[in-house]
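To start, the structure under review is shown below, and the notes come after it.
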Amino acid sequence: MQSLWSMKAGESCEILAYDDVLAGPYRVRLMEFGFHPGETVVCLQAPAFGAPKVYRVSNTIFSLDDEVATHIRVRVYA
Amino acid sequence: MPRVLLIGSPNSGKSLLFNRLTGLSQKVANFPGITVDVGVGTLQDMRERELVDFPGTYSLQPISAEERVAVAEFEKALENEEVEQVLCLIDATRLEKSLYFTLQVIRDCQRAGKPVTVLANMIDVLDRHSLTFDTEGLAQAVGVPVLAISARSGKGLDQIVPRLQENAGVQQGRVDGKLAGAPDELLRGEAHQLARRFGPKGDVLVRSQTRLDSFFLHSFTGGIAFFVIMFLLFQSIFTWSAPAMDAVETALAWMADLVVPLLGEGIARDFTADALFSGIGAFLVFVPQIFVLTFIVGLLEDSGYMARAALICHKPLRIFGLTGKSFVPMLSGVACAIPGIYAARAIDSPRKRLLTYMAIPLMPCSARLPVYSLLIAAFIPAGTAFGGLVGWQGLAMFGIYFFGMLCGLLVTGVVSRMSKDHFNDLPFVLELPPYRMPGLQPLLRNAWNRAMHFVTKAGKIIFTVTLVIWVLGYFPNFGADLGESWLGHLGRLIEPLFAPLGLDWRYGVAIATSFLAREVFVGTLGTIFGIEGAEENMVPLVDHIQASGMAIGSGVALLVFFAIALQCVSTLAILAKESESRSLAIKMFFGYFAFAYFAALATFHVVNLLVG
Ligand SMILES: Nc1nc2c(ncn2[C@@H]2O[C@H](COP(=O)(O)OP(=O)(O)O)[C@@H](O)[C@H]2O)c(=O)[nH]1
């Protein structure tokens with residue numbers, strides 16, 4: 001299964017679901033930021049050394065680290 | 001006076017709008033953090049109403065304790081009779097982020113019977129890209145008026161007061177609407193739909209931002225840019241604030257020269273010269289550093305670079321329980337802990353902010369430098385090693401600097417592992433705001449406010465402590481001999497504490513006085529050894545210390561002690577104010593004292609073993 005964290009720069013994906021390990025309030029916060037299941041997310045940058053990656057969702061740019069991004073299931077568009 | 005609440009999510013332009021409407025000067029920053037202070041001001045065009053600037057939160061569903069406080073405050077305010085109506089500010093360029101919050105606000109206001117007006121800000125940005133915003137449509141969809149405004153250009157601001165006046169006529173408790181009964185989940189879905197319908201399409205708004213990001217966040221160019229910017233930041237603290245600090249000192253000395261001779265001989269003269277002027281000087285010298293650093297940190301925040309810097313150093317700092325946002329406060333701490341502690345305000349997670357507070361006082365601040373110089377000159381041999389490549393003294397200076405930073409990271413690493421309360425912590429989801437041209441005037445004003453905050457909040461404590469130490473050192477023999485003063489006796493009293501480090505009472509006294517500021521250690525030792533002007537020229541004092549035959553172990557132990565101990569009343573005062581916890585400051589003082597003491601003790605024995 002692919003996660004938001006496994007994306008490479010330039011790829012876009014559709015958010016499928018959140019893992020259960022992600023605490024409830026975190027999920028709510030992510031949705032508030034626009035990371036809804038069904039939404040399209042573009043990975044703008046995946047810096048070296050495991051630094052947080054940069055994603056665009058609607059017209060806002062966010063940076064997420066692996067602690068959060070590995071728990072967001074996605075389907076990468078071909 | 002009836003009040004109007006102003007709320008909105010972080011970075012939606014709330015402070016700028018507040019300043020516009022009230023003519024006051026709140027801090028404006030292009031950084032998604034929580035506005036800590038609640039501002040209150042009179043509306044300029046509606047003098048009979050007060051505008052209350054509420055802390056920005058992303059939603060009314062709080063995660064951290066701090067957000068809970070903000071939300072609880074808001075709900076309490078809605079119950080308040082005095083609160084007449086609410087202005088809810090959203091960023092029209094980023095609807096998704098603000099709409100859920102807006103719907104929650106509308107719902108809660110409808111329940112409480114307070115009229116709401118939605119202000120869609122940053123309309124100038126949409127104009128620039130020839131995008132339109134359908135205020136009418138959104139107003140119909142949410143059932144409350146929506147005004148398109150720009151807090152920056154001023155467009156649309158003139159509609160606000162007429163709107164408020166209209167709402168002022170609405171009888172309290174009479175508002176109800178279709179959202180009043182809606183549960184959170186429903187609002188969330190609704191917000192998402194609305195954002196899709198009314199939000200700007202495509203990525204036109206973020207294209208230029210993306211281009212800059214591919215430079216500033218690139219593994220290579222971004223790394224170099226980061227290094228250069230941080231180097232400049234660090235340099236400017238020293239090169240810009242050092243002359244100003246000198247100027248403050250010179251001005252005070254000049255005033256003292258003017259006043260002191262008028263007082264003749266005796267206690268009045270000594271008091272004025274030594275307690276009054278040095279007491280004021282003790283905290284005034286910090287003002288330039290605070291001003292300069294606040295200004296530069298403001299530049300970083302407002303330009304949008306700060307969020308990128310936080311991203312770049314997030315990973316390495318996370319190992320130690322910190323976040324990328326801890327970096328700039330800690331780097332500031334290398335110059336001086338006080339502006340560093342102020343800079344930590346931008347850390348939204350309370351837990352990470354606390355850990356950053358713990359790390360900052362261990363950063364090797366510039367007040368430690370004179371102490372290190374003295375001790376290294378006195379105890380570390382001047383010779384070189386590795387064929388003249390490295391000098392022992394330089395190596396020792398580097399080592400003790402590095403040691404301080406390492407201790408800071410170790411402390412936070414250990415503490416964060418001991419106390420894992422993940423669920424009250426915020427996840428690292430950092431909004432990267434667009435790059436913007438910083439507005440200089442608000443930044444200068446903010447830097448000035450910060451400096452004044454320090455003077456008014458910490459000045460009293462620092463001044464009092466200076467007075468107490470002066471009285472202890474002056475009486476009962478009127479300044480004739482520090483060794484025979486109460487302070488001298490106190491030094492002998494605590495001598496057993498420092499004896500295990502091979503230090504006698506004189507060092508005890510010097511350590512006690514260095515609580516004012518670490519560099520006072522040098523001057524006090526000079527006074528005790530009867531050497532004038534030891535602060536300017538350390539050589540005679542160095543000779544004296546060497547001649548006294550103190551062991552090298554004691555010298556190195558003192559270095560270690562000063563690297564760790566939180567010997568600084570100003571830092572403690574500001575720590576207590578900023579964390580709103582006096583007990584945190586007290587605990588940190590004693591905790592770091594114990595840590596410093598035992599680390600020094602261990603060092604003393606190890607060095608003696610090695611040398612002996
Ligand atoms: N272009 C534009 N920028 C704005 C506008 N309002 C605020 N800003 C900028 O947005 C950033 C955040 O503003 P601030 O007032 O600190 O937001 P707060 O966090 O909600 O208090 C700052 O860089 C402001 O200069 C606006 O109407 N148009």
Side-chain angles (χ1 to χ4, degrees), chain A residues 3-5 7-15 17-72 74 77, chain B residues 9 58-59 61-64 67 91 93-101 104 184-185 188-189 191-192 195-196 199-206 209-210 213-214 217-220 222-223 307-308 310-316 318 323-324 422-434:
Chain A
S3 74
L4 202 56
W5 186 250
M7 289 174 75
K8 294 186 194 59
E11 287 180 340
S12 47
C13 71
E14 181 194 336
I15 297 186
Y18 299 138
D19 278 352
D20 288 340
V21 277
L22 214 55
Y26 281 19
R27 286 190 241 176
V28 171
R29 185 59 52 95
L30 283 166
M31 282 197 255
E32 288 165 17
F33 282 145
F35 291 89
H36 287 268
E39 191 68 27
T40 300
V41 176
V42 184
C43 178
L44 296 176
Q45 238 143 53
F49 313 117
K53 295 186 184 181
V54 182
Y55 304 95
R56 180 171 74 80
V57 53
S58 59
N59 256 309
T60 314
I61 296 180
F62 290 101
S63 159
L64 271 66
D65 74 357
D66 51 351
E67 278 178 1
V68 177
T70 43
H71 299 307
I72 303 175
V74 302
Y77 294 138
Chain B
S9 45
Y58 281 111
S59 88
Q61 242 161 320
I63 297 182
S64 71
E67 289 180 340
D91 177 347
T93 63
R94 289 171 177 67
L95 275 192
E96 181 75 59
K97 194 188 76 182
S98 3
L99 266 182
Y100 174 47
F101 175 67
Q104 283 180 312
D184 282 333
E185 294 79 72
R188 206 153 55 224
H192 189 51
R196 289 197 153 189
K201 308 280 180 300
D203 64 349
V204 272
L205 292 180
V206 292
Q209 173 177 351
T210 310
D213 271 342
S214 52
L217 295 177
H218 186 267
S219 310
F220 181 69
R308 277 76 187 178
L311 190 161
I312 291 172
C313 21
H314 180 68
K315 188 82 197 273
R318 202 177 72 185
T323 137
H422 260 320
F423 293 109
N424 287 320
D425 200 8
L426 296 166
F428 185 81
V429 179
L430 180 68
E431 185 194 338
L432 295 180

Item to check | From CA spacing to verdict: salt bridge (Lys or Arg N to Asp or Glu O under 4.0 Å), A:Asp66, B:Arg318 | outcome: CA-CA 11 Å; A:Asp66 51 351; B:Arg318 202 177 72 185; 2.6 Å; yes

Checklist outcome for this item: Applying a strict 4.5 Å limit to non-hydrogen atoms, the region of B:Tyr100 in contact with chain A is side chain

Checklist entry - Tell me, side chain or backbone of B:Ser98 under 4.5 Å from chain A's heavy atoms, or both, or neither? => result neither

Checklist outcome for this item: Whatever's closer than 4.5 Å to a heavy atom in chain B on A:Val54 counts as side chain

Next on the checklist: For a 4.5 angstrom cut-off between non-hydrogen side-chain atoms, does B:Leu311 reach A:Ser63?
Outcome noted: yes

Checklist entry - Can you tell if the side chain of A:Val41 reaches within under 4.5 Å of the side chain of A:Val74, non-hydrogen atoms only? => result no

Checklist entry - When you measure from the side chain of A:Lys8 to the backbone N and O of A:Ala46, does any donor-acceptor pair fall under 3.5 Å? => result no

Next on the checklist: Please identify, among A:Val57, A:Val42, A:Leu64, the residue contributing the most non-hydrogen atom pairs under 4.5 Å to chain B.
Outcome noted: A:Leu64

Checklist entry - Is chain A contacted by the side chain of B:Glu185, its backbone, both, or neither, given a heavy-atom distance below 4.5 Å? => result neither

Checklist entry - With only heavy atoms counted, which part of B:Asp91 is less than 4.5 Å from chain A, the side chain, the backbone, both or neither? => result neither

Next on the checklist: For A:Tyr77, is the OH atom crowded, meaning more than 12 foreign heavy atoms sit under 6.0 Å from it?
Outcome noted: yes

Next on the checklist: Which one wins on heavy-atom pair count under 4.5 Å against chain A: B:Ser214, B:Ser9, B:Gly199, B:Ala191?
Outcome noted: B:Ser214

Atom pairs and distances, side-chain donor-acceptor, residues 27-38 of chain A, under 3.5 Å, sequence neighbours left out:
from	atom 1	to	atom 2	distance (Å)
A:Arg27	NE	A:Leu22	O	3.0
A:Arg27	NH2	A:Asp20	O	3.4
A:Arg27	NH2	A:Leu22	O	3.3
A:Arg29	NE	A:Glu32	OE1	3.3
A:Arg29	NH1	B:Glu67	OE2	2.9
A:Arg29	NH2	B:Gln61	O	3.4
A:Arg29	NH2	B:Glu67	OE1	2.9
A:Arg29	NH2	B:Glu67	OE2	3.4
A:Glu32	OE1	B:Ser59	OG	3.2
A:Glu32	OE2	B:Ser59	OG	3.0
A:His36	NE2	A:Met31	O	3.1
A:His36	NE2	B:Glu96	OE2	3.4

Checklist entry - With only heavy atoms counted, which part of A:Leu44 is less than 4.5 Å from chain B, the side chain, the backbone, both or neither? => result side chain

